Structure formats: C-alpha cells, structure tokens
Amino acid sequence: MLKNLLSICMFFCCISIINSQKLKLPSDSIVSTKHQVSINGKKINYQANTGTLPVWDDEGNEIATLFHTYYFRTDIDDNTTRPLVISFNGGPGSASVWMHIAYTGPKVLNIDDEGYPIQPYGVKDNPNSILDVADIVYVNPVNTGYSKMIADKEGKYPDKEKFFGINADIRYLADWITSFVTRNNRWRSPKYIIGESYGGTRVAGLSLALQEREWMYLNGVIMVSPADYKVLDGENPVAKAINLPYYAATAWHQKALTADLQQKDLLEVLPEVEDFTVNTLIPAISKGGSLSKTEKEAVAKQMSKYSGLSEESILQHNLVVPTSFFWKELLRDKSFTVGRLDSRYLGIDKMDAGNRPDYNAELTSWLHSFTPAINYYLQEELNFKTDIPYKMFGNVHPWNKENDNTRENLRQAMAENPYLNVLYQVGYYDGACTYFNTKYSMWQMDPSGRMKDRIQFKGYRSGHMMYLRKEDLKTANDDIRAFILSTSNQGKAAKY
C-alpha cells in the first residue's frame with residue numbers, strides 16, 4: 001500500500017515539474033555551419049550563423065531577442081567593400097521565411113516551376129541567390145519565427161506597444177540592426193535593406209530612422225510587393241480605381257478578356273488599361289452621383305472589357321468593384337475562385353454564390369510547402385535545435401497604424417543621402433499589393449521627379465511572391481544583383 005502511494009506521489013510530482021517548465025531559448029546565441037553553393041556556375045563557400053541577438057531598452061536591459069540567420073562568404077578576406085543585405089518579410093506578424101528559403105538565400109524550396117508544392121518537402125541549392133555579390137541576414141521581428149519578448153526579473157514582460165506598431169517596429173529594429181552591424185564588424189560595408197509586403201512599409205521607414213537615429217547611411221532600399229497604406233486604406237477615388245490594371249492582368253492570365261485583348265501580350269494590354277484608369281476611371285468615380293447615366297454606362301462598358309466582369313455587376317457596384325468580389329466573380333461560371341496574393345492560383349468554394357472566396361487559394365498552397373521546409377532546414381541543415389515551435393505568423397495585434405509617414409520618410413532619406421537608390425519589384429497578378437498601387441506610390445513618393453534616375457521599377461508575370469515561379473526567380477535575383485553592383489558606389493563621392 002505504502003509502495004503504491006509513493007509511486008502515485010512520484011508520478012504527480014513529475015507531472016507538476018513538467019507542467020511548470022517553460023520552453024526557453026537563449027537570448028544571445030549563435031550556431032555556425034559551413035556550406036558551399038554554386039551560383040551562376042561559380043562555387044561559393046559560405047558560413048551560416050543562426051541564432052538570437054537581444055533588443056535592449058535605454059537602460060541596457062534585455063526586452064526581446066530576435067532570431068536571425070546570417071549568411072556570409074568565407075572565401076573573401078576583406079568585407080569592407082562587400083555589400084550587406086538586411087532582409088525582412090511583412091504581415092505585420094510574418095516570420096522572415098518567405099524570401100529566406102525561396103528567393104535571395106542560398107537555398108530554395110523544393111517546388112515545381114510555377115511554385116506549387118511537391119513532395120518530398122524541403123530545400124535545395126539556389127543557383128540564383130545573390131550571395132555571390134552580397135552577404136545577407138534574415139531577421140524575424142518580435143513574436144515571429146523564434147523571436148520573443150523577454151520578461152524582467154519579476155517576470156513582467158515589456159509593454160507590447162514597444163513593438164507592435166508602425167513606428168515602434170521601426171524604432172526597435174533600427175536599434176537591433178545597429179547592434180548586429182556592430183557585432184559583426186559591418187560598419188564599413190555598403191548596406192541594403194529589403195522588405196516584402198508590409199516589409200516595404202517597414203524598410204521605407206527604416207531608411208530614415210537608420211540615418212537620423214543611428215547615423216547609418218544606406219546604399220539601397222529594395223521594395224518587394226510593398227504595401228502602402230496611404231493607398232490601401234484610402235477612401236478616395238484613386239484608392240477605389242487603382243485596382244483595375246491588376247484586374248486586367250489577372251483576367252488576361254485566366255483567358256477571360258475579349259478576343260482582341262487576349263491575343264495581345266500582357267505588356268501591350270496593361271499600358272492601355274493604366275491610361276484609362278488615370279484619365280477616365282478616377283475622374284468618373286470622383287464625380288460620384290453627378291456622373292450621368294450615359295457616362296456611367298460607357299465607363300462600365302470599358303471596365304467590363306478590361307476586367308472580364310459583366311457590365312451589370314460593375315454598375316451594381318457603382319464602378320467601385322471590391323477585390324474580394326473580383327476574386328469570387330471572375331471565374332464563377334467555371335466554379336473556381338482566384339487567389340488574393342497570386343491570382344494564378346485557383347480555389348474551390350462550398351458554393352458558387354457569394355461575394356468573396358471561402359479561403360485564400362495561394363496562401364494555403366504556400367504554407368503547404370514552406371512550413372515543413374523551414375522547420376526541417378533550421379533544425380537539420382543549420383543545426384539550430386529547439387522544441388519551441390517556429391511561428392510562421394505571430395500575434396502582433398492590435399497593430400498601431402497611426403502616424404504612418406513611411407513614404408515621406410523614404411523620400412527624405414533619399415534627399416539627404418545621394419548614395420541611396422530604390423528598387424521596386426512587383427508581380428502583375430498580386431491582388432493584395434497591386435503593381436499599379438506600387439507605381440502610384442512610387443510617383444507620389446518623389447512628386448518633383450528629381451530623383452527618378454535613382455528609382456527603378458521591375459514587374460514580373462507572377463504574384464506577391466514572384467520568385468516562386470522559376471523564370472521570375474532568376475530574373476528577379478538578377479535584377480537585385482544588378483541593382484547592388486550599380487549602387488555600391490565604390491570610390492564615388494556622395495554629393496549632388
């Protein structure tokens with residue numbers, strides 16, 4: 001009896017100990033591994049440093065730790081002229097996984113040529129990586145990947161407002177970048193920041209914050225499918241009209257346009273639609289209820305031709321067609337929906353009826369291949385062992401969007417720094433951060449046009465993650481490579 005009682009007590013003690021333990025990750029740690037990859041036919045030796053580096057408050061206390069992966073060539077003795085690229089994804093709340101293992105890094109997903117999942121899951125060498133011309137660090141903001149807040153001695157966590165908002169995000173990441181650059185002796189290197197989606201908002205803001213808070217001057221900012229909330233959250237005629245060129249691109253890809261347009265190349269169709277959007281649709285929507293019935297029907301007819309939607313449905317929306325309705329309506333007669341972030345992807349809803357798709361066809365496909373790949377890669381190839389789950393998306397809400405001056409911040413940073421150049425990369429089939437939204441944002445960022453020779457725009461025949469398509473993976477990396485090589489400004493004075 002006593003023996004049984006002791007056994008029961010031991011059992012519950014063990015359970016209590018297990019339940020009281022928390023999964024922990026060191027706040028400051030690095031695991032190093034050596035590798036080799038062939039890029040454009042040339043063998044590149046490199047090292048991967050994977051681990052954590054703290055964020056400190058003004059008193060020097062650790063308040064968070066950011067998980068990151070840093071790739072650098074080991075066959076180069078002097079890195080003073082070697083560019084450094086600091087890479088962020090978006091969300092907000094997205095881990096730095098998408099560009100890490102599918103775009104610029106030395107490894108890419110095991111997927112088919114158009115970006116769809118195949119098994120076995122995992123990664124393979126990336127012959128198009130930019131590691132031949134630049135070292136790269138992929139940064140996971142707080143609550144993404146393995147990054148997390150750190151409690152103080154009393155077990156109290158810092159206020160979420162220190163991290164979760166446009167300006168808070170920019171502030172602590174600027175501090176962290178400075179810590180990383182200092183620790184890795186990269187102050188003399190030409191520096192670039194790249195951000196995808198919300199990451200575009202982030203790096204636009206960081207461009208000025210790094211200059212004015214950290215006195216760190218960049219050579220380039222790379223905006224991949226950038227989000228500009230000045231447009232996305234707008235209620236003005238521009239915001240309501242600007243999606244039409246994206247509708248035309250998607251309808252062209254899905255063969256839903258009229259025969260005369262369908263027989264043209266995509267890049268022959270889009271300028272025509274852009275011209276109509278700027279010179280006809282925006283003024284028409286601006287007129288609102290004062291637009292005559294005849295004018296309204298004429299605009300709807302042309303919109304129908306360019307979008308693949310019926311004139312009736314366009315008129316029912318008073319010329320302002322929501323993207324969610326477009327994704328549901330375009331192929332409704334074929335019982336398919338089209339993807340939000342990449343409208344090449346198709347989905348199947350429970351019912352053909354309705355005003356929006358049941359799910360995002362492209363995102364489920366991407367998570368299908370990315371999630372097993374990043375978990376396998378970090379643990380088995382980069383040897384970063386932990387039981388903590390890797391957060392593809394973390395809880396960063398509520399997110400403070402107030403005082404978003406990031407577009408103006410980028411303009412100011414460019415004006416102050418003659419070295420600073422900007423590259424925009426977008427997919428024509430992206431329905432979240434549309435390519436024409438980016439063009440408009442780019443035009444408004446430099447309204448004087450005096451810096452346009454330092455701004456480049458590149459479009460690709462895919463969606464938000466244009467690099468998932470094999471052809472665009474090569475082209476887009478080549479575009480970044482050329483951008484870096486042309487803007488590293490070796491020996492050139494920074495002056496007007």
Side-chain angles (χ1 to χ4, degrees), residues 37 69 87 89-91 93-129 138 140 144-146 196-199 224-225 249-250 253-254 327-328 330-331 334-350 356-382 384 389-394 425-433 460-477:
V37 64
T69 303
S87 180
N89 275 105
S94 172
S96 188
V97 54
W98 317 99
M99 292 195 292
H100 182 177
I101 60 168
Y103 191 9
T104 52
K107 297 287 184 179
V108 285
L109 287 177
N110 185 30
I111 51 180
D112 78 358
D113 288 354
E114 291 298 315
Y116 293 89
I118 56 175
Q119 292 179 317
Y121 302 117
V123 294
K124 56 191 176 185
D125 285 351
N126 181 6
N128 304 293
S129 171
Y138 298 91
N140 295 266
T144 72
Y146 297 133
E196 179 179 86
S197 196
Y198 178 80
V224 180
S225 306
T250 297
H253 178 79
Q254 299 294 353
W327 302 324
K328 180 76 174 184
L330 182 66
L331 300 181
K334 296 181 174 64
S335 296
F336 283 118
T337 62
V338 298
R340 170 178 175 261
L341 293 160
D342 191 329
S343 296
R344 298 175 302 142
Y345 290 72
L346 303 180
I348 300 176
D349 281 357
K350 182 177 181 179
R356 63 175 57 244
D358 293 347
Y359 65 99
N360 294 330
E362 78 298 331
L363 188 57
T364 58
S365 176
W366 296 343
L367 289 168
H368 189 160
S369 52
F370 273 94
T371 310
I374 191 64
N375 280 278
Y376 146 77
Y377 177 56
L378 293 175
Q379 300 250 0
E380 298 187 40
E381 292 203 22
L382 298 188
F384 192 86
Y390 185 91
K391 294 180 180 177
M392 301 291 285
F393 298 102
Q425 295 186 302
V426 296
Y428 295 118
Y429 308 132
D430 180 359
C433 303
Y460 309 91
R461 297 180 187 234
S462 42
H464 198 69
M465 298 184 192
M466 74 289 295
Y467 44 82
L468 293 182
R469 182 170 174 258
K470 185 177 180 180
E471 181 179 331
D472 290 324
L473 172 66
K474 174 172 175 47
T475 304
N477 270 304

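Model, not experiment: these values are computed from the prediction. Numbering starts at 1 and runs along the sequence shown.
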So Tyr390 and Tyr146, would you call those rings parallel, tilted or perpendicular, with 30° and 60° as cut-offs? perpendicular
Does Glu362 reach the main-chain N or O of Met465 with its side chain, forming a donor-acceptor pair under 3.5 Å? no
Looking only at non-hydrogen atoms, find the nearest pair between Ser369 and Pro117 and report the distance. CB-CB, 4.0 Å
Quick one: pull up CE in Met99 and OG in Ser225 and give me the separation to the nearest 0.5 Å. 9.5 Å
Any side-chain heavy atom of Tyr377 sitting closer than 4.5 Å to one from His100? yes
Counting C-beta onward and ignoring hydrogens, is there a side-chain heavy-atom pair between Leu330 and Phe336 closer than 4.5 Å? no
What's the shortest heavy-atom distance between Ala373 and Leu109, and which atoms? CB-CD2, 3.4 Å
Please determine whether side-chain contact (heavy atoms from CB on, under 4.5 Å) holds for the pair Thr337 and Asp358, giving the CA-CA distance in whole Å, both sets of side-chain angles, and the decisive distance to 0.1 Å. CA-CA 9 Å; Thr337 62; Asp358 293 347; over 6 Å; no
Could you tell me if His464 and Ser197 have a donor-acceptor pair between their side chains, going purely by distance under 3.5 Å? yes
Given Tyr460, Tyr467, Tyr138, the one that forms ring pair (Phe, Tyr, Trp, His ring centres under 6.0 Å) with Tyr103: Tyr467
Supply the atom-to-atom distance Ile374 CD1 to Thr69 OG1, rounded to the nearest 0.5 angstrom. 7.0 Å
Stepwise side-chain contact (heavy atoms from CB on, under 4.5 Å) test for Leu331 and Val338: CA-CA 7 Å; Leu331 300 181; Val338 298; 3.7 Å; yes
Drop me the distance from Tyr428's OH to Ser343's OG, to the nearest 0.5 angstrom. 15.0 Å
Would you say the side chain of Ile118 lies within less than 4.5 Å of the side chain of Asn110, judging by non-hydrogen atoms? yes
Under 3.5 Å, is there a donor-acceptor pair between the Tyr116 and His368 side chains? no
Report yes if the distance between the aromatic ring centroids of Tyr429 and Tyr345 is under 6.0 Å, otherwise no. no
Closest non-hydrogen atoms of Asn89 and Val97, given as atom of the first, atom of the second and distance, are OD1-N, 3.5 Å
Answer yes or no: is there a side-chain heavy-atom contact under 4.5 Å between Asp430 and Asp342? no
Rounded to the nearest 0.5 Å, how far apart are CG of Asp472 and CG of Asn477? 11.0 Å
Shortest non-hydrogen pair, Gly145 vs Ala95, comes out as N-CB, 3.6 Å
Please list all pairs meeting salt bridge (charged side-chain N to carboxylate O under 4.0 Å, His left out) that have one or both residues in residues 116-126, counting only residues at least two apart or in different chains. Lys107-Asp125
For a 4.5 angstrom cut-off between non-hydrogen side-chain atoms, does Phe393 reach Thr144? no
Which heavy-atom pair separates Thr371 from Leu367 by the least distance, and what is that distance? OG1-O, 2.9 Å
When rounded to the nearest 0.5 Å, the distance separating CG of Leu382 from OH of Tyr376 is 9.5 Å
Before giving the answer on side-chain contact (heavy atoms from CB on, under 4.5 Å), spell out for Met466 and Thr475 the whole-Å C-alpha distance, their side-chain angles and the decisive distance to 0.1 Å. CA-CA 10 Å; Met466 74 289 295; Thr475 304; over 6 Å; no
Side chain proximity check, Lys391 to Asn140, heavy atoms < 4.5 angstrom: no
Evaluation steps, side-chain contact (heavy atoms from CB on, under 4.5 Å), between Leu346 and Lys334: CA-CA 11 Å; Leu346 303 180; Lys334 296 181 174 64; over 6 Å; no
Closest heavy-atom pair and its distance - Ser96, Ser87: OG-O, 3.6 Å
Would you say Arg356 has more than 12 foreign heavy atoms packed within less than 6.0 Å of its CZ? no
